[in-house]
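Below is one structure, written out as structure tokens, with a few remarks after it.
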Amino acid sequence: MSGFFEGLAQDFTNNLIVGDRYLLILDGLKTTLIIATGAAIIGVLLGTVLALMRLSNVKIGNKWYILRSLSGAYVNVVRGTPMVVQLMMMYYVILSSTSLSKITISIISFGLNSGAYVSEMIRGGIMAVDKGQEEAGRSLGLSRGLTMRHIILPQSIRIAIPSLFNEFIMLLKETSIVGFIGLMDLTKASDFIRSRTYSAFFPLLIVAAIYLLIVTVLTSFFSKLERRLRAGANK
Amino acid sequence: MQTNSVNPLIQTIELEKDFDGLKVLRGINQSIRKSEKVVVIGPSGSGKSTFLRCLNLLEQPTGGQILFEGVDITDPKTNINLVRRKMGMVFQQFNLFPHMNVLQNMMLSPIKLKILQKEEAEDKAMVLLKRVGLEEKAQAYPKTLSGGQQQRIAIIRALMMEPDVMLFDEPTSALDPEMVGEVLDVMKQLAVGGMTMVVVTHEMGFAREVGDRVLFMDEGKIVEEGKPLEIFSQPKEPRTIDFLRKIL
């Protein structure tokens with residue numbers, strides 16, 4: 001038994017302390033959080049725009065709802081192709097001639113991807129708002145846009161918030177594929193340590209534990225926030 | 001045309017509404033004078049709510065015309081948002097904005113449309129709240145209010161825009177019986193103040209007391225109209241007689 005603990009202590013020292021390898025983990029963690037947060041912001045903004053496009057009445061000619069089609073096609077393409085492929089497409093093809101950093105490209109890629117999913121959540125939220133709300137706004141002389149902005153959207157985002165939180169958690173874990181373009185995130189850091197220490201178990205265990213910890217903390221924080229928002233809506 | 005069509009505030013000409021082939025309104029010709037109180041009654045599905053909702057284009061008519069203050073509002077070139085400022089509407093389900101408190105509900109439209117400054121809007125809202133006895137609810141959120149309180153707020157929210165006409169779509173139908181009175185009182189107060197009102201309702205007492213004219217609708221048409229006294233005590237059309245017998 002003591003041998004097991006000695007082994008563990010040895011692993012700990014080899015994988016984290018020697019050569020300040022814990023710094024790799026911390027840097028990786030920072031990268032992961034930056035990408036997830038940046039992508040979430042882009043995702044929510046883009047998702048809102050896509051949802052509004054999906055519900056718009058702008059048409060060319062008699063029945064071609066151009067904004068609806070564009071938004072629908074975008075969502076379809078993004079949801080129909082793997083995230084890794086999208087990321088590599090951005091890095092090696094679409095943005096390859098730019099001087100953007102790998103982190104920036106990752107944020108953009110994940111943001112564009114997340115936007116497609118978020119748009120469906122917000123669209124669902126918009127459609128869940130009672131029809132009478134729009135009628136009340138319009139009957140007060142507010143335009144369609146003002147009604148959307150001040151009456152419908154605030155309510156639909158409130159409705160969509162649980163799924164938006166969930167999307168952020170998914171996003172956080174999904175960023176683990178940025179290693180495919182050679183970016184050192186949390187997951188890649190463990191991989192790098194393994195390549196030095198030839199020990200796969202310990203670095204992966206540490207990394208898994210960190211993901212789990214973050215997700216657990218976020219989940220409890222989000223559910224508190226959610227409860228408060230719901231209480232706010234009822235006050 | 002009507003005898004009272006001198007300078008009508010609202011005039012409908014052969015107004016029609018089809019919902020996918022279902023004819024809900026079959027040619028309504030009406031003139032509503034300034035200050036007139038018109039009460040629309042009829043069985044459910046008769047088209048009375050649709051008629052009311054066409055007046056401010058919440059429903060797009062499929063035929064005929066609606067003139068408001070002489071302007072054809074069914075003309076696509078008419079800016080309907082400007083027209084709607086002058087036509088207040090009260091709904092069966094109140095439709096207060098749940099994410100805003102009472103004051104915010106009332107101030108939203110005048111402020112966003114840059115009709116009033118924030119302070120002016122707030123002063124005006126407080127005056128109206130006092131008038132309906134709800135000034136202590138200014139900061140309250142709709143969900144904490146009773147149905148009767150919500151509907152009174154909905155009425156004065158519409159009044160914030162200083163409309164020339166108020167449209168009421170079954171304003172007391174969703175209320176518990178004990179709250180009907182407080183809402184009708186506000187409406188009566190409004191009537192006394194000279195507001196032009198078009199009211200779809202099942203409250204025959206209100207129709208009799210406040211109405212200048214009662215329209216009885218059935219199957220998308222105005223079957224009979226007249227002074228409340230005439231309609232209620234000597235209805236002529238069999239369908240009116242039948243309807244009144246059922247509800248009175």
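Owing to the predicted nature of the structure, the values given are computational and were not obtained by experimental measurement. For the numbers below, each heavy atom of this structure counts, side chains included, while hydrogens, waters and symmetry mates do not. Numbered from 1 within each chain, the chains take letters A, B, ... in sequence-line order.
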Considering only heavy atoms and a distance below 4.5 Å, find which of A:Leu142, A:Asp130, A:Leu146, A:Thr147 pairs most often with chain B.
A:Leu142
What residue in A:Ser143, A:Gly141, A:Pro154 has the most heavy-atom pairs under 4.5 Å with chain B?
A:Gly141
Sort [X] into side chain, backbone, both or neither according to what part of it lies under 4.5 angstrom from a heavy atom of chain A.
| X | result |
| --- | --- |
| B:Arg157 | both |
| B:Leu96 | backbone |
| B:Met100 | side chain |
| B:Met87 | backbone |
| B:Phe97 | both |

[X] and [Y]: side chain donor to acceptor below 3.5 Å:
| X | Y | result |
| --- | --- | --- |
| A:Gln133 | A:Gln155 | yes |
| B:Gln30 | B:Arg213 | yes |
| B:Asp169 | B:Ser49 | yes |

Using the six-membered ring of A:Tyr65, assess whether NZ or CZ of A:Lys63 lies under 6.0 Å from its centre and within 45 degrees of the ring axis.
no
Would A:Arg138 and B:Asn56 satisfy side chain to side chain donor-acceptor pair (under 3.5 Å), going step by step from the backbone distance to the final call?
CA-CA 10 Å; A:Arg138 298 306 305 274; B:Asn56 69 351; over 6 Å; no
Winner by heavy-atom pair count (cut-off under 4.5 Å) against chain A, out of B:Arg85, B:Met89, B:Arg53
B:Arg53
Using the rule side-chain contact (heavy atoms from CB on, under 4.5 Å), only one of B:Thr201, B:Val200, B:Val198 pairs with B:Val39; which is it?
B:Thr201
